[in-house]
2 protein chains.
Amino acid sequence: MKTETRQEEIIRVAAKLFKEKGYSAVTMRDLAKAMGIKAASLYNHINSKQDILNAIIISLAEEFTEGMKLIQSSNESCIDKLKKIIELHVRISSQNIYGMASLNNDWMHLEEKLDYYQKLRVDYEDDFRIILKDGIASGEIVNAQPEVMMFSILTTLRSLYIWVPKKEDLNLVELSNTLNQILVKGINK
Amino acid sequence: MKTETRQEEIIRVAAKLFKEKGYSAVTMRDLAKAMGIKAASLYNHINSKQDILNAIIISLAEEFTEGMKLIQSSNESCIDKLKKIIELHVRISSQNIYGMASLNNDWMHLEEKLDYYQKLRVDYEDDFRIILKDGIASGEIVNAQPEVMMFSILTTLRSLYIWVPKKEDLNLVELSNTLNQILVKGINK
DNA sequence: AAAACAAACTAACGCTTGTTAGTTTGTTTT
DNA sequence: AAAACAAACTAACAAGCGTTAGTTTGTTTT
């Protein structure tokens with residue numbers, strides 16, 4: 001197990017605070033107090049508050065992009081690809097619930113990295129849409145509006161961070177399966 | 001049509017700014033500039049920045065509570081109640097997309113009103129859960145984990161504000177129907 | 001015409017913000 | 001023992017924060 005650098009520790013603690021109050025409401029003095037040091041000392045390890053946010057969000061966004069590219073290039077059925085996407089979100093979200101909160105709520109405070117982030121996001125959604133449209137074309141998926149389907153599924157998956165920690169007892173494979181059933185097969189008998 | 005007071009106008013404009021940057025990142029000077037006046041002049045109409053957030057969030061939360069109580073006390077089937085809940089969210093969200101953003105993202109910055117808000121929220125979720133459990137008990141709904149179902153549906157509905165404005169062409173009845181189909185019946189054939 | 005009111009203004013307040021500069025301390029490498 | 005380094009510190013900065021006090025201006029009510 002690789003030991004965490006001081007910089008990584010700061011970023012991890014920052015993500016936790018960002019989840020609770022949002023990026024703008026967390027001060028460098030708040031972060032320093034949570035680390036048990038003075039605010040100025042943070043700058044021995046990080047360049048700026050902004051850089052902390054960049055590090056949290058961009059690494060996560062790239063992880064999602066990588067995952068999607070793998071799924072996209074497989075030749076599984078559309079329904080199986082959706083299952084894989086659900087597993088991707090469950091895995092990443094459970095590994096970094098604090099970072100996922102920043103990704104969801106504080107992306108608009110990215111500055112230099114904002115355009116890059118938004119491109120990753122748009123591309124991800126485009127890939128998702130294509131999977132759904134292929135599924136409709138091949139008759140695997142019901143012919144409803146793919147935009148609404150994508151919104152519904154993706155919103156649920158993006159919000160997993162709110163909810164995953166409360167279910168530590170539930171193992172992640174089981175959670176993926178349940179989500180797959182509910183999101184894909186619906187809830188009525 | 002009742003004309004808007006200056007105070008209501010400030011609250012409406014504030015909600016729009018809060019949606020874009022979050023409560024903490026919006027300054028009273030930002031808000032004043034958006035209103036075309038100086039920051040100090042805002043205080044002729046409102047008591048504090050905090051009060052603006054309270055007004056936005058609490059009125060919406062109470063609107064949801066009222067709607068839920070009506071649905072709860074009707075004697076419709078569980079599936080029909082779910083449909084009504086979807087319609088409730090579509091209606092309120094489309095009427096106040098900016099306020100819904102604050103409700104979702106800035107509720108933790110409520111201060112005196114935080115406990116009250118959280119009670120409304122917990123009660124709402126309790127009512128929702130009971131509807132699902134009744135549906136499972138009566139065999140209307142598939143016997144999966146009601147917690148996951150509720151999370152999935154409620155997360156989608158709570159995020160409508162992100163997405164409704166892009167679909168102005170789509171009428172709201174149609175959107176409710178499509179959401180109902182996807183959330184309840186699923187997407188696979 | 002006088003009084004009252006709504007809604008803007010200027011000026012300033014005390015406090016907090018992110019960040020920098022320079023220094024101290026203790027450990028590790030030469 | 002000397003040099004280098006990592007990681008903390010104190011002190012301070014300029015800018016921005018929410019908010020208050022007191023004033024001006026123009027309209028509406030008496």
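Numbered from 1 within each chain, the chains take letters A, B, ... in sequence-line order.
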To the nearest angstrom, how far is [X] atom [atom1] from [N] atom [atom2]?
X     : N      : atom1 : atom2 : value
B:N54 : D:dG18 : CG    : C1'   : 15 Å
B:I46 : C:dA6  : CD1   : P     : 17 Å
A:M28 : D:dA12 : CE    : C1'   : 17 Å
B:I52 : D:dC17 : CD1   : P     : 15 Å
A:I10 : C:dT19 : CD1   : P     : 13 Å
A:Q7  : D:dA6  : CD    : P     : 13 Å
B:E8  : C:dA7  : CD    : P     : 12 Å
B:R29 : C:dT17 : CZ    : P     : 15 Å

Residue mapping more 5' on DNA chain C - nearest nucleotide basis, A:N44 or A:Y23 | A:Y23
Return the orientation label for the B:Y117 and B:W107 ring planes: parallel under 30°, perpendicular over 60°, tilted otherwise.
-> parallel
Between [options], which nucleotide has the shortest distance from any of its atoms to the side chain of [X]?
X     : options               : result
B:I37 : C:dC9, D:dT10, D:dA7  : C:dC9
B:S41 : C:dA8, C:dA21, D:dC17 : C:dA8
A:K38 : C:dG18, D:dA8, D:dT10 : D:dT10
A:Y43 : C:dG18, D:dT20, D:dC9 : C:dG18
B:T27 : D:dG18, C:dT19, C:dA7 : D:dG18
A:A39 : C:dA7, C:dT19, D:dC17 : C:dT19
B:H45 : D:dA21, D:dG18, C:dA8 : C:dA8
B:S48 : D:dT19, D:dA8, C:dG18 : D:dT19

Looking only at side chains, do B:K83 and B:N177 share a donor and an acceptor under 3.5 Å apart?
-> yes
Can you tell me if B:Q145 and A:T178 form a side-chain donor-acceptor pair at under 3.5 Å?
-> yes
DNA chain C base-pair string [pairs: Watson-Crick or G-U under 3.5 Å; |: paired with another strand] = ||||||||||||||||||||||||||||.|
Measuring from B:D51:CG to B:I46:CD1, what's the distance to the nearest 0.5 Å?
-> 7.5 Å
Which residues share a side-chain contact (heavy atoms from CB on, under 4.5 Å) with B:Q72, sequence neighbours left out | B:K69, B:D127
In A:N104, A:N96, A:N105, the residue satisfying side-chain hydrogen bond (donor to acceptor under 3.5 Å, both in side chains) with A:Y161 is A:N105
Would you indicate whether B:Y98, at its atom OH, is surrounded by more than 12 heavy atoms from other residues, nucleotides or ligands within a distance under 6.0 Å?
-> no
